[in-house]
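Worth saying up front: this structure is predicted, and the values here are computed from it rather than measured.
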Amino acid sequence: MPEVSISIGGRQFEVSCQEGEEDYLHAAAKMLDDEAQVLSDQVGRMPEARMLLMAGLLLADKTASVEDKIKEARAELAERDAELASLRNVVVEPERIEVPVIPQSVTDSLAEMAARAEALASEIEDKAQDRARDKAQDGAQ
């Protein structure tokens with residue numbers, strides 16, 4: 001087991017840890033030392049045991065706050081996951097639009113009217129041409 005020297009509140013401590021956990025130990029010691037420094041700046045010199053107790057309590061308070069935030073985030077994530085799952089199960093039916101179909105009898109009637117109109121137009125054209133010819137002949141005489 002490796003022995004690691006850490007400094008907390010200006011005091012040196014020798015601590016053992018598992019192989020490969022030295023970096024984690026240094027990071028944890030730095031966090032504890034930062035809290036001890038805050039206490040030292042605010043209160044001044046205090047007994048080692050009290051300083052470590054207070055720094056530990058401050059870190060525990062921060063940890064509890066972070067755990068509460070994690071719990072809230074997990075609850076919100078669970079809500080979002082449930083909402084997403086329910087949305088994935090929704091089958092959206094396309095909107096049906098009914099287009100009216102013109103009955104064949106109406107189509108036939110319209111075709112018949114169009115044919116009559118064309119016949120009338122042709123008849124009027126023929127009469128107009130006959131009149132024009134008659135006028136031309138009358139004018140020539």
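Nearest approach of Gly9 to Met51, heavy atoms of both residues: CA-SD, 3.7 Å. The minimum heavy-atom distance linking Val4 with Cys17 is given by the pair CG2-SG, 3.8 Å. Here the closest heavy-atom approach between residue Ala55 and residue Leu39 is recorded as N-CD1, 3.3 Å.
Counting non-hydrogen atoms of other residues, nucleotides and ligands closer than 6.0 Å to CZ of Arg11 gives a total above 12. Shown here is Ile102, whose CD1 atom has no more than 12 heavy atoms of other residues, nucleotides or ligands within 6.0 Å.
In this structure, the separation between CG on Leu52 and CZ on Phe13 is 5.0 Å, given to the nearest 0.5 Å. Considering CE of Met113 and CG of Asp108, their distance stands at 11.0 Å, rounded to 0.5 Å. Interatomic distance, OG of Ser5 versus NE2 of His26, reported as 8.0 Å (0.5 Å rounding). For the atom pair Glu72 CD and Glu67 CD, the distance stands at 12.5 Å (nearest 0.5 Å). With values rounded to the nearest 0.5 angstrom, Lys30 atom NZ is found 12.0 Å from Ile8 atom CD1.
Of the possible polar contacts, none joining the Ser65 side chain to the Asp61 backbone as a donor-acceptor pair under 3.5 Å is found. Under a 3.5 Å cut-off, the side chain of Glu79 and the backbone N or O of Leu77 do not form any donor-acceptor pair. In this structure a side-chain-to-backbone donor-acceptor pair under 3.5 Å is present from Thr63 to Leu59.
In this structure, Arg133 pairs ionically with Asp130, as a charged nitrogen and a carboxylate oxygen lie closer than 4.0 Å. A salt bridge between Arg116 and Glu112 is present, with a side-chain N of the basic residue lying under 4.0 Å from a carboxylate O of the acidic one.
With no hydrogens or angles considered, no side-chain donor-acceptor pair links Gln37 and Asp33 at under 3.5 Å.
A heavy-atom distance below 4.5 Å is not found between the side chains of Glu35 and Met31. Counting heavy atoms from C-beta on, the side chains of Lys62 and Leu58 never come closer than 4.5 Å. Taking the side chain as every heavy atom from C-beta outward, Arg80 and Leu84 never approach each other to under 4.5 Å. The closest side-chain heavy-atom distance from Glu19 to Met1 is not below 4.5 Å.
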